[in-house]
Amino acid sequence: NLGYWGFNQYIIQKGLAAKSLAEAKKGMIFAAFLKILIPFIVCIPGVCAFYIMNGDGEALESLRQTLAGSIDRSDDAYPFLIRNFTPTFVKGLSFAALAAAVISSLASMFNSTSTIFTMDVYKKFINKNCPDEKLVGVGRITSICALLLALLAVYPIMGGADQAFQVIQEYSGFVYPGIVVIFGLGLLWKRASGAAAVAAAIGTFAFSILFKFALPEVPFLLR
């Protein structure tokens, strides 16, 4: 949570895009309020789906016979409930909300990726005197390359996953511990250096891969 909400560039950029500091604070507080609702929106329907599919009794048995589709893995539960227990306009609203959330997240991620590469890599190490117009072009090319890499990687990583969200959390955990340490110590400890930050970033990723294969039985949250 510290890494995602406090030190994640594509989340922070949403705050930086606000018209004032007060508006940015309001936006973050409202987002935090919405996150409080997530257990009710996500977990309770999951419990209901589990009970419907696995519960005993004639009422549940007769109900199962009238329902369309089935739940073969965890990610099927929410679509199954929406398909069988919501009116048509709610189905459309759910799809529109999901599409809007995905598009917004992708836009922010591409913006962050292109910004980091363009300003922190290309302009700093490759072309220090690059004009702004060319930097915009480099940023666009970076976004396209990031999209192509994501398309190539999405199926090998998530194709056979039971829960896509859990896979996302596990691989986010490859970098977030280092990010929290780098930014936390950078803000709070004057002796923190750039070399230490690079070492922490590389070490976090390397040790995460090592622990995943050397200790596969350890839950990723503990790793």
Could you walk me through whether Ile52 and Phe85 pass side-chain contact (heavy atoms from CB on, under 4.5 Å), step by step? CA-CA 12 Å; Ile52 290 169; Phe85 297 103; 3.9 Å; yes
Audit row: Thr142, Tyr122, side-chain contact (heavy atoms from CB on, under 4.5 Å) steps and yes/no: CA-CA 10 Å; Thr142 303; Tyr122 186 82; over 6 Å; no
Leu81 vs Thr86, side-chain contact (heavy atoms from CB on, under 4.5 Å): CA-CA, chis, key distance, verdict: CA-CA 8 Å; Leu81 292 176; Thr86 59; over 6 Å; no
Please walk me through it: do Arg223 and Phe207 pass side-chain contact (heavy atoms from CB on, under 4.5 Å)? CA-CA 9 Å; Arg223 288 206 303 265; Phe207 277 110; over 6 Å; no
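Two residues are said to be in side-chain contact when any heavy atoms from C-beta on lie closer than 4.5 Å; Ile144 and Leu148 meet this criterion. Under the 4.5 Å side-chain criterion, counting only non-hydrogen atoms from C-beta, Phe183 is not in contact with Leu188. The shortest distance between side-chain heavy atoms of Phe80 and Ser70 does not fall below 4.5 Å.
Checked by atom type and distance alone, the side chain of Asn54 pairs as donor or acceptor with a backbone atom of Phe50 at under 3.5 Å. In this structure, the side chain of Thr66 engages the main chain of Leu63 through a donor-acceptor pair within 3.5 Å. Under a 3.5 Å cut-off, the side chain of Asn8 and the backbone N or O of Gly3 do not form any donor-acceptor pair.
By the 30° and 60° cut-offs, the orientation of the rings of Phe205 relative to Phe174 is perpendicular.
Residues meeting the side chain to side chain donor-acceptor pair (under 3.5 Å) test with Tyr4, sequence neighbours left out: Tyr10. In this structure, the side-chain contact (heavy atoms from CB on, under 4.5 Å) partners of Pro219, at least two apart in sequence or on a different chain, are Leu222.
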